[in-house]
Amino acid sequence: MGFLSVLSYAHKLVAERLDAHTGYAIDATAGTGVDTLMLAKTVGRKGQVFSFDIQQDALDRTQARLDKEQDTSLAPVQLILDSHATMNQYIPDHLHGKIQVIMFNLGYLPSGDLSIITEPDSTLTALISAFDLLAIRGILTIVLYPGHPGGSEEAEAVQAWASTLPVAVAQSIIYRQLQRQDAPYLIAIEKKNHQHHE
């Protein structure tokens, strides 16, 4: 059987946490729409999904994936062409601190422009915003790709940030294949308390 892939494990954690029919979720990196679709299916019609990407190509692929679904119970999805670093500007004020799940899948768009990759600075800005937007007991999942140029530096920066969150504020876990250092891996963070940034 083997273990779940990092993506499947992220989806499992998310599905366990989202309130079906009333949840709010963010896909911080729409990509090809796999996570956005899973979130929209899990949340249901009374919830909402916000999906970000800096590439129109990614949002077009995400929309096409959503359009192919015959499922009438999908949550409404708002596709946003902007950096995830600006996410808190797009989330309505009344939902700040109410988002149950935020998913990041870093790196580049598969079969897209491989020169466009997520960067540590904007990623860390986005993660700090995401943590603020999360509800208590909400979770943040981050899939990291140390195998591409720039990926290992980004992964190290994200891991360092997650490691320094006070235990009173969050619990951070890592899910990683130990024999291959360049294999994708997952960091998941559960929010326990609101943290006030200076």
Side-chain angles (χ1 to χ4, degrees), residues 2-14 17 25-32 34-36 38-39 50-55 58 80 82-89 99 101-134 137-198:
F3 295 112
L4 289 174
S5 72
V6 289
L7 289 174
S8 297
Y9 190 56
H11 284 197
K12 175 179 163 61
L13 291 174
V14 163
R17 195 56 54 106
I26 296 172
D27 184 352
T29 46
T32 62
V34 172
D35 291 342
T36 297
M38 187 276 300
L39 290 169
F50 302 88
S51 188
F52 290 84
D53 212 286
I54 58 169
Q55 295 182 74
I80 300 158
D82 205 343
S83 167
H84 49 213
T86 66
M87 71 169 71
N88 58 359
Q89 299 169 31
I99 306 292
V101 165
I102 305 177
M103 301 187 80
F104 285 77
N105 196 336
L106 301 176
Y108 50 74
L109 179 64
S111 315
D113 184 342
L114 303 189
S115 70
I116 302 175
I117 62 170
T118 51
E119 303 280 352
D121 284 353
S122 55
T123 295
L124 290 174
T125 300
L127 288 170
I128 291 165
S129 291
F131 192 81
D132 286 343
L133 290 168
L134 272 183
R137 295 199 71 248
I139 65 165
L140 187 53
T141 64
I142 312 147
V143 178
L144 299 152
Y145 295 86
H148 71 79
S152 59
E153 292 84 351
E154 179 172 56
E156 286 166 17
V158 171
Q159 193 170 323
W161 172 78
S163 301
T164 58
L165 287 168
V167 291
V169 165
Q171 180 181 18
S172 302
I173 65 163
I174 192 166
Y175 182 73
R176 184 172 198 169
Q177 184 178 335
L178 293 176
Q179 299 101 319
R180 287 181 47 220
Q181 284 305 300
D182 63 345
Y185 67 100
L186 171 70
I187 290 175
I189 298 167
E190 179 186 40
K191 184 169 179 174
K192 292 182 178 179
N193 235 312
H194 292 295
Q195 180 174 24
H196 297 291
H197 299 285
E198 298 302 325

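Just so you know, these numbers use all the heavy atoms, side chains as well, and skip hydrogens, waters and symmetry mates.
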Might you point out which heavy atoms bring [X] and [Y] nearest each other, and give the distance in Å?
| X | Y | value |
| --- | --- | --- |
| Asp27 | Thr36 | OD2-OG1, 2.7 Å |
| Ala168 | Asn193 | O-CB, 3.5 Å |
| Ser129 | Met87 | CB-CG, 4.1 Å |
| Ile102 | Ala130 | CD1-O, 3.3 Å |
| Ala25 | Leu39 | CB-CD2, 3.9 Å |
| Ala162 | Ile187 | CB-CG2, 4.0 Å |

Any non-hydrogen side-chain atom of [X] less than 4.5 Å from a side-chain atom of [Y]?
| X | Y | answer |
| --- | --- | --- |
| Thr123 | Ile142 | no |
| Ile26 | His84 | no |
| Tyr175 | Leu4 | yes |

Salt bridge (charged side-chain N to carboxylate O under 4.0 Å, His left out) with Lys192: which residues, sequence neighbours excluded?
->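 In terms of salt bridge (charged side-chain N to carboxylate O under 4.0 Å, His left out), with neighbours along the sequence ignored, Lys192 is linked to no residue.
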Measuring from [X]:[atom1] to [Y]:[atom2], what's the distance to the nearest 0.5 Å?
| X | Y | atom1 | atom2 | answer |
| --- | --- | --- | --- | --- |
| Ser83 | Asp121 | OG | CG | 11.0 Å |
| Lys191 | Leu133 | NZ | CG | 8.0 Å |
| Ile128 | Asp132 | CD1 | CG | 8.0 Å |
| Leu186 | Ile174 | CG | CD1 | 8.5 Å |

Results of ring-ring contact (aromatic ring centres under 6.0 Å, His included) for Tyr145 - residues two or more places apart only =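 Partners of Tyr145 under the ring-ring contact (aromatic ring centres under 6.0 Å, His included) test: none.
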Who passes ring-ring contact (aromatic ring centres under 6.0 Å, His included) against Phe50, sequence neighbours left out?
->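 For Phe50 there are no ring-ring contact (aromatic ring centres under 6.0 Å, His included) partners, ignoring immediate neighbours.
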Which residue pairs pass the side chain to side chain donor-acceptor pair (under 3.5 Å) test when at least one of the two sits in residues 179-190, sequence neighbours left out?
->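 As it turns out, the side chain to side chain donor-acceptor pair (under 3.5 Å) pairs with a partner in residues 179-190, which skip direct neighbours, are Arg17-Glu190, Gln159-Tyr185.
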Can you check side chain to side chain contact (heavy atoms under 4.5 Å, CB included) on Ile189 and Leu134, steps first, answer last?
-> CA-CA 10 Å; Ile189 298 167; Leu134 272 183; 5.8 Å; no
Could you go through the side chain to side chain contact (heavy atoms under 4.5 Å, CB included) check for Val14 and Asp35 one step at a time?
-> CA-CA 10 Å; Val14 163; Asp35 291 342; over 6 Å; no
Using side chain to side chain donor-acceptor pair (under 3.5 Å) as the criterion, list what pairs up with Ser152, not counting sequence neighbours.
->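 Ser152 satisfies side chain to side chain donor-acceptor pair (under 3.5 Å) with no other residue.
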Go through the structure and list residues passing side chain to side chain donor-acceptor pair (under 3.5 Å) with Thr141, not counting sequence neighbours.
->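 Partners of Thr141 by the side chain to side chain donor-acceptor pair (under 3.5 Å) criterion come out as none, since no residue qualifies.
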Going by distance alone, is a donor N or O of one side chain under 3.5 Å from an acceptor N or O of the other, for Ser5 and Ser8?
->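 Yes, Ser8 and Ser5 have a side-chain donor paired with an acceptor closer than 3.5 Å.
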Return the orientation label for the Trp161 and Phe131 ring planes: parallel under 30°, perpendicular over 60°, tilted otherwise.
->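 Rings of Trp161 and Phe131: perpendicular, over 60°.
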Thr29 side chain vs Asn105 backbone, donor-acceptor pair below 3.5 Å =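 Present.
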